[in-house]
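Below is one structure, written out as structure tokens; the observations come after it.
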Amino acid sequence: MIKLADQWKDYSVIATGDGYKLERWGEIVLLRPDPQVIWGAQRDLFSYPVHAVYRRSEKGGGGWEYKKPVPESWKISYRDLTFRVKPMGFKHTGLFPEQAVNWDRCSELIKNADRKIKILNLFAYTGGASVALRKAGAEVTHVDAAKGMVERAGENARLSGITEGIRYIVDDCLKFVRREIRRGNKYDAIVMDPPSYGRGPNGEMWKIESDLFPFVKLCAEVLSDEPLFFLINSYTTGLQPAVLDNLLSLALSGRKGRTESYEVGLPTEEGLALPCGAGGIFIHD
């Protein structure tokens, strides 16, 4: 099953093909590579009047090629949330629109919980989930190792009218969770978006295939007695939704609840569904 983030008004995928996706971000049109797009283009994407194209380099990486003037950054909105986006390295813009699927689902669970909810958001990036879940009424602890991304998260929160209720932590997620266990701190829900690979400041290596399951089991130790949910999102190619389902089922065995797994994606104006990773969620019964 694929869940599509189909409620955007400030964002859309115009067309796809030949390894690229053509997107509208507010009034700015970008053309970026996408590894999922292995089908042929139905139109010449490079002839479209875009503002910027991200071109890969044969030596690895790549860079933006600007066709029209582009502001350093600009704002787009989703429902009552506002985010600042801009062309960044590695083809990123600072926001993953497909995650609106998870924002909406988790926000609904929070609103229906009828109790105060404390959430731990790990590998939290620029705070899309943190902002959405705070708007839904939760107290959020936002953890990411990149100081610049945490600062961007704070800006996104302020743009959405949030001035309190999010605690920002610049730290290695594994080290932070271990400290929270020692402190005896508990959370009612966990959200995580772990990278495929990573390297810590002291040379620590993270590889999702070998490190994710032990980390999920560790995180289970900071869950409250009746956790509301535990969400894992992944962009790692080959990590199927059923894998996330199995991880959660095993790591949270003995707790009352059910697991769901699914693909996350975006609708396109050409009528296709663009897959954008996988999600798995444990929901307390």
Any side-chain donor-acceptor pair under 3.5 Å between [X] and [Y]?
X	Y	result
W39	T16	yes
Q7	D104	no
E151	Y168	no
E23	Y11	yes

Measure from the ring center of W8 to the ring center of Y78 and say whether it is less than 6.0 Å.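 Distance test on ring centres: under 6.0 Å, yes.
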Out of curiosity, [X] [atom1] to [Y] [atom2], how far, rounded to the nearest 0.5 Å?
X	Y	atom1	atom2	result
N246	T259	CG	OG1	8.0 Å
Q240	D245	CD	CG	12.5 Å
C219	F176	SG	CZ	10.5 Å
Y262	R105	OH	CZ	7.0 Å
W206	D172	CH2	CG	9.5 Å
N156	L95	CG	CG	7.5 Å

Under a 4.0 Å threshold between the charged nitrogen and the carboxylate oxygen, would E98 count as salt-bridged to K3?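 No salt bridge links K3 with E98.
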Closer than 4.0 angstrom, basic N to acidic O: yes or no for R183 and E180?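 Yes, R183 and E180 are salt-bridged.
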Is there a side-chain contact between D80 and S160 (heavy atoms, below 4.5 Å)?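 SC-SC contact between D80 and S160 ruled out.
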Would you say L231 and F282 make side-chain contact, with heavy atoms under 4.5 Å?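 Side chain of L231 against side chain of F282, heavy atoms only: no contact under 4.5 Å found.
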Is E226 atom CD crowded by more than 12 heavy atoms from other residues, nucleotides or ligands, each under 6.0 Å away?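 Incorrect, the count does not exceed 12.
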Around atom NZ of K68, are there more than 12 heavy atoms from other residues, nucleotides or ligands closer than 6.0 Å?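 Result for NZ/K68: enclosed.
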With respect to F83, which candidate in F96, W103, W25 satisfies the ring pair (Phe, Tyr, Trp, His ring centres under 6.0 Å) definition?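 Result for ring pair (Phe, Tyr, Trp, His ring centres under 6.0 Å) with F83: W103.
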Taking salt bridge (Lys or Arg N to Asp or Glu O under 4.0 Å) as the test, write out the residues that go with E209, two or more places apart.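 Testing E209 for salt bridge (Lys or Arg N to Asp or Glu O under 4.0 Å), a comparison that skips the adjacent residues, returns none.
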Taking only residues two or more places apart in sequence, or in another chain, which ones meet D18 in a salt bridge (Lys or Arg N to Asp or Glu O under 4.0 Å)?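 With sequence neighbours excluded, D18 shows a salt bridge (Lys or Arg N to Asp or Glu O under 4.0 Å) to no residue whatsoever.
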Please check if the side chain of [X] supplies one atom and the backbone of [Y] the other of a donor-acceptor pair under 3.5 Å.
X	Y	value
H51	V29	yes
K75	T82	no
D188	K118	yes
T126	G94	yes

Not counting sequence neighbours, which residues clear ring-ring contact (aromatic ring centres under 6.0 Å, His included) with Y20? List them please.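 Y20 satisfies ring-ring contact (aromatic ring centres under 6.0 Å, His included) with F46 only.
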Aromatic ring pairing Y54/W64, orientation class (parallel under 30°, perpendicular over 60°, tilted between):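 Because their plane-to-plane angle is over 60°, the rings of Y54 and W64 count as perpendicular.
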